[in-house]
Amino acid sequence: MPDSSLSELIQLSDEEQDVTLRIIEGMSFSGSDQYDALRGEIVISTEFVSGHVELYLNAFDLDSWAAVLDSFDAGRKATWLESGRSPRVMLAPAEESESGCTEVSVYDVTGSQVFVTVPVVTPPDWTARQRQLLAEARNRFPLVR
């Protein structure tokens, strides 16, 4: 089995706010050299609110995260994990937000029903870093398709 130590899939932070999706472990039910799912958590940390919510990801979810980054690069709002089986993540470009920052919203659809929006000052090329984290996660945790 490949390395299963903690890894980050999403890391958006500035001096005051942080939204991170950490992969806690790869899960294999079939006994193969690939994982069937990834167990992770979204962690939000600000001076005002802090919390975390657990989620499970599959290969399709990672593919759709790449598509969300493409959409965001094209200047559009984007939503990830809309299936209703996990927390939903929404991204709004700084140009379309009231705060003037990239806004990351997390909606705990399956549990608490809490909706949190965190404005994060991001560099212009922040999606390149997210693509790098995605590639690292795919390398470290190969998922069954």
Side-chain angles (χ1 to χ4, degrees), residues 1-28 34-145:
M1 262 270 135
D3 179 15
S4 63
S5 59
L6 193 69
S7 181
E8 291 182 347
L9 178 62
I10 300 172
Q11 214 301 309
L12 296 168
S13 62
D14 58 26
E15 293 178 10
E16 298 176 18
Q17 330 269 49
D18 182 70
V19 179
T20 302
L21 191 157
R22 293 187 181 115
I23 299 170
I24 297 168
E25 66 179 333
M27 303 174 76
S28 180
Q34 293 184 313
Y35 294 106
D36 298 296
L38 302 177
R39 183 171 74 93
E41 68 177 346
I42 298 172
V43 179
I44 296 171
S45 178
T46 75
E47 285 187 28
F48 179 69
V49 64
S50 294
H52 65 96
V53 61
E54 191 170 283
L55 74 161
Y56 293 85
L57 302 169
N58 58 35
F60 174 77
D61 296 329
L62 297 187
D63 293 344
S64 64
W65 176 237
V68 162
L69 293 172
D70 290 343
S71 181
F72 200 86
D73 278 342
R76 296 186 301 270
K77 290 182 181 181
T79 301
W80 184 48
L81 302 175
E82 295 182 87
S83 69
R85 66 171 169 76
S86 64
R88 185 174 301 144
V89 177
M90 292 143 285
L91 301 171
E95 301 77 33
E96 292 187 29
S97 70
E98 283 186 37
S99 67
C101 300
T102 299
E103 291 184 347
V104 184
S105 299
V106 178
Y107 178 26
D108 182 16
V109 177
T110 60
S112 67
Q113 299 294 305
V114 170
F115 185 93
V116 176
T117 298
V118 180
V120 180
V121 177
T122 54
D125 64 344
W126 70 267
T127 56
R129 173 68 179 138
Q130 303 316 301
R131 289 180 201 287
Q132 179 185 4
L133 291 172
L134 175 58
E136 289 171 7
R138 284 181 164 160
N139 253 353
R140 222 167 168 183
F141 301 99
L143 286 164
V144 173
R145 292 197 173 267

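Taking every heavy atom of both residues into account, L9 and Q130 meet most closely at O-OE1, 4.0 Å. Between F141 and E25, the shortest heavy-atom distance links the atoms CE2-C, 4.3 Å. Residue D14 comes nearest to P119 through the heavy atom pair OD2-O, 4.0 Å, listed as atom of the first residue, atom of the second, then distance. Nearest heavy atom pair, residue E96 against residue G75, reads OE2-O, 3.3 Å. Taking each heavy atom of Y35 and R140 in turn, the nearest pair found is CE1-O, 4.0 Å. Scanning both residues, S83 and S86, for their nearest heavy atoms gives OG-N, 4.5 Å.
Here the CG-CZ distance, from L62 to R145, works out to 7.5 Å after rounding to the nearest 0.5 Å. From I24, atom CD1 reaches atom CD of E41 across 4.0 Å, with rounding to the nearest 0.5 Å. Considering OG1 of T110 and CD of E54, their distance stands at 10.0 Å, rounded to 0.5 Å. Here L57 contributes atom CG and I23 contributes atom CD1; the two are 7.0 Å apart, rounded to the nearest 0.5 Å. For the atom pair OG1 of T20 and CD of Q11, the computed distance is 4.0 Å after rounding to the nearest 0.5 Å. In this structure, the separation between CG on L38 and CZ on R138 is 11.0 Å, given to the nearest 0.5 Å.
By the neighbour-count criterion of 12 heavy atoms within 6.0 Å, atom CZ of F60 is sparsely surrounded, having that number or fewer from other residues, nucleotides or ligands.
Between V120 and C101 there is no side-chain heavy-atom pair separated by less than 4.5 Å. Annotation: side chain of L55 is in contact with side chain of L21 (closest heavy-atom distance under 4.5 Å).
With sequence neighbours excluded, the residues that form a side-chain contact (heavy atoms from CB on, under 4.5 Å) with V68 are W65, A78, W80, L91.
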| task | Take M27 and D36 through the side chain to side chain contact (heavy atoms under 4.5 Å, CB included) test and state the conclusion after the steps. | result | CA-CA 6 Å; M27 303 174 76; D36 298 296; 5.9 Å; no
| task | Start with the C-alpha distance between L81 and D61, add both sets of side-chain angles, then the distance that settles side chain to side chain contact (heavy atoms under 4.5 Å, CB included), and finish with yes or no. | result | CA-CA 7 Å; L81 302 175; D61 296 329; 3.6 Å; yes
| query | Please walk me through it: do V19 and E103 pass side chain to side chain contact (heavy atoms under 4.5 Å, CB included)? | reply | CA-CA 10 Å; V19 179; E103 291 184 347; over 6 Å; no
| task | Dump the intermediate steps for side chain to side chain contact (heavy atoms under 4.5 Å, CB included) on N58 and Y56, then the final yes or no. | result | CA-CA 7 Å; N58 58 35; Y56 293 85; over 6 Å; no
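Ring-plane geometry between W126 and F72 is classed as perpendicular, the angle between the planes exceeding 60 degrees on a 0 to 90 degree scale with a lower cut at 30.
Taking 4.0 Å as the cut-off between side-chain N and carboxylate O, R131 and D125 do not count as a salt-bridged pair.
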Sequence neighbours excluded and cut-off under 3.5 Å, please list the side-chain donor-acceptor pairs for residues 42-49, or say none.
residue, atom, partner, partner atom, Å
T46, OG1, F48, N, 3.0
T46, OG1, V49, N, 2.7
T46, OG1, V49, O, 2.9

